[in-house]
Every structure is written in C-alpha cells, then in structure tokens.
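Every chain is numbered from 1, with letters handed out A, B, ... down the list of sequences. Bear in mind the structure is a predicted one, so any value in this text is a computation, not a measurement. We use all heavy atoms of the structure for the numbers below, so side chains are in, but hydrogens, waters and symmetry mates are not.
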2 protein chains.
Amino acid sequence: MPTIVKQAANVLDLFEFFASTGQPASLAEIAGHFGWPKSSTFNLITTLAERGFLYEPRPRHGFYPTPRWLSLAQEIAHAEPLPESLQDLLRELARLSAETVWLAGSAGQHAVFLAVIESPQAIRYTAQPGKRVPMHATATGQAILSQMPEPRRAALLRQASYERFGPGTPMSAGEVDRIIEESLARGWFMSASSYSQDLGGVSIPLPLNDRMLSATVAGPLFRMGTRMEETAAQMQAAIKRHFGKDYFDRHLPGLRQLP
Amino acid sequence: MPTIVKQAANVLDLFEFFASTGQPASLAEIAGHFGWPKSSTFNLITTLAERGFLYEPRPRHGFYPTPRWLSLAQEIAHAEPLPESLQDLLRELARLSAETVWLAGSAGQHAVFLAVIESPQAIRYTAQPGKRVPMHATATGQAILSQMPEPRRAALLRQASYERFGPGTPMSAGEVDRIIEESLARGWFMSASSYSQDLGGVSIPLPLNDRMLSATVAGPLFRMGTRMEETAAQMQAAIKRHFGKDYFDRHLPGLRQLP
DNA sequence: TCATTTGGTCCATATATAAAGACCAAATAT
DNA sequence: ATATTTGGTCTTTATATATGGACCAAATGA
C-alpha cells in the first residue's frame, strides 16, 4: 500500500474545493470544511499564498486561487496536447450516441480519463478528466491492455489486485487475457457491470503513434443494453472517418472490423 | 516567519516543473532535478497519480499531469473571473505602450499579479500571473493601498517589514503615506527602482465594485524614464474609455485627472 | 466606550513522515 | 545466455512537522 503524502493531497483537496465552490473562503471556513486544525490550515494557506497561488480578491474576505493555476495548466496542456483530431472524434461520438463518452490513457494499474463529454440526458454516467478505473476490470482499461506488447501486459496483470467489484469482474490474469481475446474477435470491448453497477458501455482501442488510448461510450444499462453492437459499429466508422479507412488494418490488425 | 509546508510547496514545484519542461518525466528524472530522495519522490508521485493528477502518457516513459489540472483551473477561473472588460483594457494598454502591463490585486502584505501581457520587445520586464511584490514598496501595491479605508491601510503598514530594496524604498509607514498622497495629487504612481532595479513604471488604482486592483505599465528605465507622464495620461484616457468618462469622479475622487 | 466575537498568528512538543537503503523487475549491453 | 544498468517499490527509524492551545488584533454589537 503506497504511502500517501498528506500535505500534497491536501493541496489537491483545496484545489478541488475551490473549483467546486467557486468562491473565496476564509481560513476558518476552510479549516471548518475539512476539519483541519486552524494552525495547520494557516500554514498551508500561507505556503500557497507565498508562492503566488492564492490571494485575497478583497482584503479580509477570504482567499481564492490566482490565475496562475490556469496559466500553468494551459502551458502543460499545450505542450503535450490531445490532438485536435481526437477532440473532434470525441465530439462526434458524443453527438452520435447522446451518451457520456471519454478518452482514456494508462497510469500503472489504472486507466485515467483524459477527456470527457457528458451525456445531455438527466440519467447519465458522470465523470471528469482525471477519473481512474482499474485497468484489468473495465472495458476502457482492457481496450488499452489489448494494445500492449505481451510481456508488458503480463507484467501488469501479474501485479494487479483481483478485487471483486461486481458479477463480471475477472479474478485472474488468465480471465483478463480471455476477455481481451474475445473482445478483439468481437470487434469491441464491453463493460457490463464488471466494475460499475448498472453501467453499459462499449470501448474501442485507440493506438496513436506510441500512445495507447481507448475511446468509450457508456450509459445506463437500460439504454445501452440493446444498442451495444450498433454503437460499436458507429464508433469504428467514426474512427475510420477521422483517421483513415485503413486505420485498424495498420494499427490494430487483431481487431475484428464491423461492417 | 510563517512555516512553509514542504510537501505542499513540492506539489507546486512539480506543477511548475512540468509547465516549464512540457515533457513527461520519470521518477528518477524528477528526483534528480530537485535533489529529492527517490523514495520521497515516489511517495509524492504516487499520491498525485492516485488522485488522478498524474498519468503515464506512454507506459514506463514517465509521468505527466492529466488534463484534470486544466479542467479544475478553468472552473476556478470561470467562477470568479476578471471581467472581460479588464482584459480588454489590459490589451489596449499593451498595444499603446508596447511595454509589459499587468493587473494586480492584494494578498496580505503583497500585491499579486492577476493578469500580465509581456512587452514584445527583447529587453522587457518579465512576469507571470501569481508574481508577488511587496505592497508598500511598489507602485503597483501603493496604487492598491491608496484605495483602502484608512484604518485598514494603517494596520497593513504597521505590520509591514521595511526592508531596503533600492534607493527609493520607503522605510516607514509615514513615508508610504506621503508617497501615496503625492501620487494621488500627481495622478499616477511611479515605480522607479524603489523595488526592482532599473525599472520604470506607472500604476493607476483601479477600484472595481469592492475589489481593489491596480493597472501598471512598466519597462526598463531607459525607455520609460521620459515617457511616464505621457503614459499615465494614456492610461487614464483608456480607463475612461472603458469604464466611462466619470469613472474616476465616482470611484476615485482623490486622484488628480490628467488632461 | 467597553465587551464579545471572529479571524488570524505563533510556539513548544508529541507524532506522523521523509528518507536511507535494501530490494526487485525489466530493459539493455556484453 | 549472462551481466549490468535503470527504474520502481517497500520497510524501518531518526527527524521534521502538524497540531493544541495560547495569544493578538480587528470588527462588530451592546
């Protein structure tokens, strides 16, 4: 179990806190909200303020993050961007499916959501960039795993922790291998309650030069249940439109192509 | 002397590091760059990754921040934005002066830069959002101080530390009061090496409903030295164009208006 | 004008944590 | 095939740090 760095996590908590409230907060409010001691909160806030990441929009009416966060985050996003073509693809998938769609990459034993467009419907799968799901137990992750060279995938699956999340959760490396094999033969990866309850979704592997991503369309099982095959075909078609007719032939010969 | 929270500062360091390199970095690279122990670096990175703030763009080729930073920073900036009109004003000042221009707000004993447009010229004043300068010793800060109700300004100046930064640095509350008085009578605040060496600049207070900001145009003294009065007049004119002819009459009756 | 509340700051010390270093796996070189 | 290097993970313990609580100033209410 990896050691969590408390004060690092606190910075993230604070960052998320301000993103969700959208308002300046006083030391006392922050301390109260998190149940942090006043003195510790003071030290943390002072540190962030000293570094130019927090200021007082109006004196003595609370602290708020400075635009420095935005400025740095933009530089970071700009330097290693998701190609514009991927954003386009995602938008098209969102339009076609009217469900929540996302792109994910890998982070150790987890897949991380890199870009998300939520469904406009009231009942929908909700997620935001940065969300992590276990690699071996989700369609999103399996679609990524399917692109890895054999030894790397084996290494990853060996260290995975096979916890039971739902009825379909695979409980061994062998099971995951089998699911991947079947999914490649089927032409798409299916998430059906193996991790998230009542979720139905379709994932397609998306190798992009040397990055291994996946695209997923998912929604409540009662809407997606009967539309999976159709959705998968739509996704493959959209990907071919965006990246060329021979995209799968060149990068994913193992994947069955739907008509 | 306020206690700095080391691991919180480390998160900020890391964030800035990625913004400046724009590349994924391995644990070893990060540890090397900062001189951090491998194990500590590991803990920190794990913490950020666990929370969905770091991922591996390509497995085993280093970590990089996820778009989650951007997403949260955008929410934060969107909730408490600098009015668009201020951005416009800033752009106009940048165009008119061809020097570096910025907007600043207050953070305790410091003024923080909230928005910056750098001069296109090779020799220029360089700054980024989040930069902090002492309130009492800079034109930017004094222009903010000039807007505060008397007791608050007095309190602030009482606790200020009167360090000598350059020839013109004020060394007591009284001196600052005098400078503010003179500057209001002059119609603008002058920074001339009282904090930054060889810097010449003009600041104008910018009260915006209950926020107390200031706008500054600054560059190397050899370019700005003879243009200050002219620049100040341009700034006042631009502000009046953006916020109405009677802006100063209504919000800053104490400030001399230039022809 | 005085009392009370609220928000912020400082300090000593018990406690949580960062770091040293051993370890392991995978990649690369021989 | 085997050795070496590189990158990542784990555990123990000396040490840095988070915290309780005292304190102070400013704002608010009586």
[X] has an atom [atom1]; how far is it from atom [atom2] of [N], in whole Å?
X: A:R152; N: C:dA25; atom1: CZ; atom2: C1'; answer: 13 Å
X: B:R153; N: D:dA25; atom1: CZ; atom2: C1'; answer: 19 Å
X: A:H61; N: C:dG8; atom1: NE2; atom2: C1'; answer: 15 Å
X: A:M148; N: C:dA26; atom1: CE; atom2: P; answer: 13 Å
X: B:F42; N: C:dA18; atom1: CZ; atom2: P; answer: 13 Å
X: A:N43; N: D:dA16; atom1: CG; atom2: P; answer: 17 Å
X: A:Q159; N: C:dC24; atom1: CD; atom2: P; answer: 13 Å
X: A:I45; N: D:dA18; atom1: CD1; atom2: P; answer: 14 Å

For [Y], is there an ion pair with [X] - N to carboxylate O distance below 4.0 angstrom?
X: A:E182; Y: A:R256; result: no
X: B:R68; Y: A:E16; result: yes
X: B:E80; Y: A:R58; result: yes

- Message: Among C:dG8, C:dA18, C:dA26, which nucleotide has an atom closest to any side-chain atom of B:K6?
- Response: C:dA18
- Item | Residue A:H33 excluded, over 12 heavy atoms near NE2 under 6.0 Å | yes
- Task: Without swapping roles, check the side chain of A:T41 against the backbone of A:P37 for a donor-acceptor pair under 3.5 Å.
- Result: yes
- Message: Between B:S40 and A:A155, which residue's closest nucleotide on DNA chain C lies nearer the 5′ terminus?
- Response: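 Upstream on the strand: B:S40.
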- Item | Comparing A:P151 and B:N10 on DNA chain C - which has the more 5′ nearest nucleotide |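 Comparing both residues, the 5'-ward one is B:N10.
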- Any A:R158 side-chain nitrogen or oxygen under 4.0 Å from OP1 or OP2 of C:dA25: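 No.
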- With respect to the phosphate group of D:dA18, does any side-chain polar atom (N or O) of A:Q7 fall under 4.0 Å of OP1 or OP2? yes
- Stretch residues 21-39 of chain A: residues that reach within less than 4.0 Å of DNA chain C through a heavy atom: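 Correct list: A:S26, A:L27, A:A28, A:K38, A:S39.
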- Task: Return the orientation label for the B:W36 and B:F34 ring planes: parallel under 30°, perpendicular over 60°, tilted otherwise.
- Result: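 Taking B:F34 first and then B:W36, their aromatic rings lie parallel (interplane angle under 30°).
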- Message: Measuring from atom CD of A:Q147 to atom NE2 of A:H251, what distance do you get when rounded to the nearest 0.5 angstrom?
- Response: 10.5 Å
- Message: By nearest heavy atom, map B:E56 and A:T41 onto DNA chain D; which one lands nearer the 5' end?
- Response: B:E56
- First encountered from the 5' end of DNA chain D, between B:G62 and B:V5: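 Nearest-nucleotide comparison on DNA chain D picks B:G62.
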